Enquirer: 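So that we are looking at the same thing, I have put the structure below in structure tokens.
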Amino acid sequence: MSIAEKFASMEYGPAPEDSKEATTWLARHSHRLQHFIGGGWQAPAAGEYFDTLDPSNGEKLASVAQGSAADVDAAVKAARAAASGWRVLTPHARARHLYAIARLVQKHSRLLAVLETMDNGKPIRESRDIDIPLVARHFYHHAGWAQLLDQEFPEYVPCGVVGQIIPWNFPLLMLAWKIAPALATGNTVVLKPAEFTSLTALVFAEICQEAGLPAGVVNIVTGDGSTGEALVKHPDVDKIAFTGSTEVGRAIRAATATSHKRLSLELGGKSPFIVFEDADLDSTVEGLVDGIWFNQGQVCCAGSRLLMQESIAEALISKIQDRMSTLRIGAPLDKAIDIGAIVAKVQLDRIRKLVEQGVADGATCWQPQVTLPAHGFYYPPTLLSNVHPTSMVAQQEIFGPVLAAMTFRTPAEAVELANNTVYGLAACVWSESINVALHVAAQLKAGVVWVNCTNLFDASCGFGGYRESGYGREGGREGLLEYMELAWFKSAPTLPAQKAPALPEAESKEDLSASAIGVPDIAPNIDRTVKLYIGGKQVRPDSGYSMEVRAADGRLLGEAPLGNRKDIRNAVEAARKAASWTKATAHNRAQVLYYCAENLSQRHDEIAHRLAAVVGEKQAAAEVDLSIERIFSYAAWTDKFDGAVHNPPFRNVAIAMNEAIGTVGVICPREAPLLGFLSLVLPALAVGNTVIAVPSEAYPLITGDLYQLFDTSDLPGGALNIVTGYTSQLLKTLAEHDDVDAIWCFGDEASAAAAKAMSVGNLKQVWTNEGRAIDWFNPKLAEGRWFLEHATQVKNIWVPYGE
Ligand code: NAI
């Protein structure tokens, strides 16, 4: 037999990893695991336990405590009790704790990897070589941040007690992504693992004990969704960090709307894997194996939508099928296995159902000839081709080893198809042309783009989504900010509640002109009548109604239009079309803003004079003076709010770009009609967003001055749209509008809650003042990075180098 023949006929023998350490650990706990609260084990108050299974054979591994509201309460109390002690430790002392945890994760890495595989079903190769090393890396990296905290974030304080809820696909890694930054920034934690995979979190609890972490700093409460819900609703939790399905993310968003709990959400995805005709197809296929068959495809950022340039589609499909035929599926503890078990029966059923649905919708299903193990939950690698871009399997997260393939002709079509989902977590671009790859990467709506590589993660690079894939980042500098608050903001006083306005009874379409409703355009006793500003034009409101604007002494100053739903819709449409602003260079945007400052300076006295009737002469003059300065500040920032280049420990650079969020709806503060408006609108515009602003209800007439200002400063039509009216009414339309990407609401506490609750539908990013007073006259508080950070989202583009 020739060597080539021998090579071809070689078969794999079984190569099982020894499970002894894990079974000993389970036996030591008598196969019955309790909560870890206040530094020790605690039985569930209601005495309930549930079974956790090994999905590779369906056998029971252990019973795990089912957390009740009482258990959650005990854990939150323990975390609260530990909070002040943990927070006042020196950064160096906290760094030592994180470092000790990192060392112990490495020391116990075999136990952790084996137990993870037994509990989750993922191949040992992955838990041993990817999950656990990344867990250790995360704690090392964040030990570093803990050390540098005071130097790098001197103005910040921790959120306090943080509730963290994680999924089952990367149990210990998700725990590390959550706990490491929380501890590094001085928070204490209550973490709830997913019900299918609680075990490694409980080994981690022991690691915390062994590392000498003060009692109560980390608490683990196990249980199902109801335990998670109790944690979300607990009144003494300051922040919730969640990773899981978009559906539950939405429920959490609704449940936290009326509180000031900070929230970060890492949700689902339907990430495109785009292959251009000049891609190295063999590398692409290997990338795809990692992209969709890593962890049985149970990966939020799995490259589950294959978009192939038409000319290479056939060749690529054939190569993929060949490669699929060599994937080995079976017992995950076997070191030579590529595809392990699906986490649970319910997930397996879900995958089956979705694939059946795909086939019923017209897709062609191809699976290699494989024999699945007789017991346990397995699903073969699956390729669905001829998938219609709008079909369910192209739009919905399958969360299994299922690839849906489609074709495109041009780069523009690839981008359109890629962005054609509600998600925006990750994307892959394969092309040997760096120009094409980076040009496409820049246009993708995704928090992570891998160029000629896939599924790379590192603690130094933020990870998180656009749109319904959630918001907030994990990892990197931006990930730390999710766990901290500005000290001054946290102690700022609360604004008084605003009186609800008397709204007109109905919105009519007919009465368009002011004179038709008895308000002459220029009434002799009325100073001014302004219009709305939409798409660069002054327009009358759809309703035909207007609101009276009165001076501080009650004198009638003028009329401002009462904008309604239709006006907001028109404004959003205009904003979406204002691509020239988004695409303009930062230098160009700076020029427009400087010009604005120049024009405001020329009209200083006249604007101050009018504003004085409402806010008094002193404030009016200060508002105009400071507004000129603020415009200068943001003109300056425009080409200086740069991203970063990360050096993850692979042969890659990760380019972290600060990208505009898109279209931002801004409810401006009541108290400083000019300065408050500009303090919010300018940072949004500076980084390339388009804006729909609702000016101060106290003095909406400022709109007249503002549109003249922006008009004469060459701001392209539609970049800024101003709709006057009652904020409570306009906020609702803005918050519910699917084409508005973010809402900033700076009013009283009730408006902040309303903004959050009303925008649950498309999970848009909401930023509010939580009803707190902001001193708009203090540049240290009212301008700069804090604002710019909210105006942008970070996209990490990973680019490999080397041969
Ligand atoms: P899930 O979103 O229900 O579970 C994630 C975590 O949230 C678990 O710890 C769970 O106990 C908890 N949870 C459930 N309901 C809750 C509630 N009302 N309040 C607070 N916490 C709650 O995900 P599930 O059911 O395990 O998987 C269903 C689908 O979700 C998957 O097929 C997949 O499509 C998607 N998923 C996405 C993940 C991602 O990383 N993007 C991770 C896990 C699931």
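All values reported here derive from a predicted model rather than from experimental measurement. Values below: all heavy atoms of this structure, side chains included; hydrogens, waters and symmetry mates excluded. Nothing fancy with the numbering, it's 1 onward along the sequence. One-based numbering, in listed order, for ligands and for the atoms of each.
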Enquirer: How close does the nearest protein non-hydrogen atom get to atom 32 (O) of ligand 1, and which residue and atom is it?
Expert: Arg350 NH1, 2.5 Å

Enquirer: In the protein, which heavy atom is nearest to atom 34 (O) of ligand 1, and how far is it?
Expert: Glu397 OE1, 3.1 Å

Enquirer: Number the atoms of ligand 1 from 1 as they appear, then name those within less than 4.0 Å of a heavy atom of Cys300, with their elements.
Expert: 39 (C), 40 (O), 41 (N)

Enquirer: Please report whether ligand 1 has a polar contact with Glu266, defined as an N or O pair separated by less than 3.5 Å (distance criterion only).
Expert: no

Enquirer: Output the list of atoms in ligand 1 that are nearer than 4.0 Å to some heavy atom of Ile166, sorted by atom number.
Expert: 6 (C), 8 (C), 9 (O)

Enquirer: Which protein heavy atom lies closest to atom 30 (O) of ligand 1, and at what distance to 0.1 Å?
Expert: Ser245 CB, 3.0 Å

Enquirer: So among Val221, Ile165, Ile37, which one has a side chain to side chain contact (heavy atoms under 4.5 Å, CB included) with Val190?
Expert: Val221

Enquirer: Could you walk me through whether Phe170 and Trp177 pass the ring pair (Phe, Tyr, Trp, His ring centres under 6.0 Å) test, one step at a time?
Expert: CA-CA 10 Å; Phe170 294 91; Trp177 281 20; 8.0 Å; no

Enquirer: Give the single entry among Glu195, Gln347, Lys270 that approaches atom 11 (O) of ligand 1 most closely by any heavy atom.
Expert: Glu195

Enquirer: Quick one: does Val248 get an N or O within less than 3.5 Å of an N or O on ligand 1?
Expert: no

Enquirer: Which atom pair, heavy atoms only, marks the closest approach of Val760 to Arg250?
Expert: CG1-CG, 3.3 Å

Enquirer: Glu485 and His260: side-chain donor and acceptor closer than 3.5 Å?
Expert: no

Enquirer: Please test Phe204 against Ile179 for side-chain contact (heavy atoms from CB on, under 4.5 Å), starting from the C-alpha separation and ending with a verdict.
Expert: CA-CA 11 Å; Phe204 181 81; Ile179 290 188; 3.8 Å; yes

Enquirer: State whether the shortest distance between N or O atoms of Ile252 and N or O atoms of ligand 1 falls below 3.5 angstrom.
Expert: no

Enquirer: Within the 4.0 Å heavy-atom shell around Leu267, which atoms of ligand 1 are there?
Expert: 41 (N)

Enquirer: Strictly below 4.0 Å, N to O, side chains only: are Asp73 and Lys77 in salt-bridge contact?
Expert: yes

Enquirer: Just by distance, no angles: are the side chains of Thr382 and Gln367 close enough, under 3.5 Å, to form a donor-acceptor pair?
Expert: yes

Enquirer: For ligand 1, is Ala251 a contact, meaning one of its heavy atoms is under 4.0 Å away?
Expert: no

Enquirer: Please state which protein non-hydrogen atom is closest to atom 44 (C) of ligand 1 and give its distance, to 0.1 Å?
Expert: Phe399 CE2, 3.9 Å

Enquirer: Please check if the side chain of Asn419 supplies one atom and the backbone of Gln443 the other of a donor-acceptor pair under 3.5 Å.
Expert: yes

Enquirer: Starting from atom 42 (C) of ligand 1, find the nearest protein heavy-atom neighbour and note its residue, name and distance.
Expert: Pro167 CB, 3.3 Å

Enquirer: Can you check whether Tyr471 and Trp767 have ring centres sitting under 6.0 Å from each other?
Expert: no

Enquirer: Any non-hydrogen protein atom below 4.0 Å of atom 27 (O) of ligand 1?
Expert: yes

Enquirer: Between Ser271 and Trp450, is any pair of side-chain heavy atoms under 4.5 Å apart?
Expert: no

Enquirer: Side chains of Tyr423 and Glu397: donor-acceptor distance under 3.5 Å anywhere?
Expert: no

Enquirer: Please list, in number order, the atoms of ligand 1 under 4.0 Å from a heavy atom of Asn169.
Expert: 40 (O)

Enquirer: Under a 4.0 angstrom heavy-atom cut-off, which atoms of ligand 1 come close to Gly268?
Expert: 41 (N)

Enquirer: In the protein, which heavy atom is nearest to atom 7 (O) of ligand 1, and how far is it?
Expert: Phe242 CE1, 3.2 Å

Enquirer: What are the atoms of ligand 1, with element, lying closer than 4.0 Å to any heavy atom of Trp168?
Expert: 24 (P), 26 (O), 27 (O)

Enquirer: Scan side-chain atoms only and decide if Thr227 and Gln66 contain a donor-acceptor pair under the 3.5 Å cut-off.
Expert: yes

Enquirer: Using a 6.0 Å distance limit plus a 45 degree cone around the ring axis, check whether Arg32 lies over the aromatic ring of Tyr49.
Expert: yes

Enquirer: Starting from the C-alpha separation in whole Å, work towards a yes-or-no answer on side chain to side chain donor-acceptor pair (under 3.5 Å) for Ser259 and Lys233.
Expert: CA-CA 9 Å; Ser259 70; Lys233 292 193 173 146; over 6 Å; no

Enquirer: As a check for students: among Gly228, Gly225, Ala194, Ser226, identify the option with a heavy atom nearest to atom 13 (N) of ligand 1.
Expert: Gly225

Enquirer: How does Asp224 reach ligand 1, if at all, at less than 4.0 Å between non-hydrogen atoms: by side chain, backbone, both, or neither?
Expert: backbone

Enquirer: From the options Ile165, Ile240, Ile398, select the one whose nearest heavy atom is closest to atom 12 (C) of ligand 1.
Expert: Ile165

Enquirer: So for Phe170, does at least one of its heavy atoms come nearer than 4.0 angstrom to any atom of ligand 1?
Expert: no

Enquirer: For Thr243, is at least one N or O under 3.5 Å away from an N or O on ligand 1?
Expert: no

